[in-house]
Amino acid sequence: MSASIIDGKKIAAEVNVETAVMVEELKKKGVQPCLAVILIGDNPASQIYVKSKVARCAELGILSRKLVLDRDAKPEEVFGLIRELNEDSAVHGILVQFPPPPQISEKTVVGAISPDKDVDCFHPCNVGKLLLGETDGFSPCTPQGVMTLLEKSSINPSGKSAVVIGRSNIVGKPMAALLMQKAKGANATVTVVHSGTPDMAEYVRRADIVIAAIGKPEFVRGSMLKPGAVVIDVGINRVADPSLPKGYRVVGDVCFEEAAAVASAITPVPGGVGPMTIAMLMRNTVKAAEAALQRAK
Ligand code: GUN
């Protein structure tokens with residue numbers, strides 16, 4: 001193996017230390033940041049994510065409110081709750097854990113959350129600001145986590161060729177927007193490849209930086225990479241493995257062993273991008289509280 005491992009746990013811990021300091025500063029000004037997390041139903045993966053978010057809030061001195069609604073909650077209930085939280089000045093950030101059950105539209109949920117409290121950066125208003133390069137909105141947690149991993153690993157995307165694999169609204173699209181931004185720590189030449197791209201490997205092979213966010217276990221093989229490429233794996237996939245007590249193992253969208261033999265740097269799964277997403281959510285919650293304090297002046 002030749003690649004250096006980008007340690008997301010360590011970098012997220014550094015970011016969290018900075019966030020805890022920001023929380024202390026706000027508390028001196030009489031404000032304690034507060035995140036409201038809405039979980040609808042009992043999806044096991046969502047329950048784990050929500051638990052981690054609430055636990056991280058507590059570690060960093062951020063207040064949290066966990067609001068659990070029944071799997072068959074009516075849309076009025078969900079939107080009534082969001083409206084209450086929008087109006088509650090003690091709440092600075094609101095997130096609804098996705099995916100919601102089928103009767104609740106993701107698009108309508110996203111549009112109902114006040115853009116000022118949209119710490120996921122899913123609201124069209126914040127997505128628009130992101131595309132326009134305006135810095136007074138929020139930055140999307142997972143893509144911003146990737147940018148921070150690159151920065152803290154002294155990998156400068158400027159002038160480099162980056163390929164984003166996947167075009168989801170949560171990762172692929174905002175990832176491309178951040179990488180192409182005319183800004184320090186960005187400024188890459190970005191290509192987005194997806195399920196409609198013939199011969200995806202042709203594009204990946206030319207990239208200096210590869211961001212894999214396609215949701216397919218070990219999709220990116222060593223043979224698809226340019227020697228010395230930086231490989232960031234956003235995937236979290238469960239694959240059956242009866243030899244393990246849980247019956248499955250967690251792998252990314254990249255075949256780690258193969259890629260690590262070709263790449264110059266690579267993120268592991270778990271312990272790469274995952275911890276950064278929550279670190280960025282905490283940072284956005286603090287930013288939301290800071291902005292609310294400014295508006296109140
Ligand atoms: N489900 C999977 N990822 C996310 C995320 O980043 N935010 C929310 N709200 N739900 C998710």
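Indexing begins at 1, ligand by ligand and atom by atom, following the structure's order.
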Problem set entry | N/O separation below 3.5 Å, T277 to ligand 1 | no

For this session: Note the single closest protein heavy atom to atom 4 (C) of ligand 1, along with its residue, its atom name and the distance in Å.
Result: Q97 NE2, 4.2 Å

Exercise. Any N/O of F98 closer than 3.5 Å to an N/O of ligand 1?
Worked result: yes

Exercise. Counting each atom of ligand 1 from 1 as listed, which ones have a heavy atom of L95 under 4.0 Å away?
Worked result: 9 (N)

Exercise. Do you know the tightest heavy-atom contact between H123 and I113?
Worked result: CD2-O, 3.2 Å

For this session: Indicate yes or no for a side-chain donor-acceptor contact from T267 to the backbone of D233 under 3.5 Å, with no hydrogens or angles considered.
Result: yes

Problem set entry | For atom 3 (N) of ligand 1, closest protein heavy-atom neighbour | I170 CD1, 4.4 Å

Exercise. Is the cationic atom of R83 (NZ for Lys, CZ for Arg) positioned less than 6.0 Å from the six-membered ring centroid of F79 and within 45 degrees of its normal?
Worked result: no

Exercise. Are any of the N/O atoms in T142 less than 3.5 Å from those in ligand 1?
Worked result: no

Problem set entry | Within-4.5 Å side-chain heavy-atom neighbours: K160 and L150 | no

For this session: Evaluate the side-chain proximity of K29 to L293: yes if any heavy-atom separation is below 4.5 Å, no if none is.
Result: yes

For this session: Say whether F122, considering both its backbone and side-chain N or O atoms, lies within less than 3.5 Å of an N or O atom on ligand 1.
Result: no

Exercise. Nearest to atom 6 (O) of ligand 1 by heavy atom, V96, V110, D120, V37: which?
Worked result: D120

For this session: For K287, look at atom NZ and say whether over 12 heavy atoms of other residues, nucleotides or ligands are found less than 6.0 Å away.
Result: no

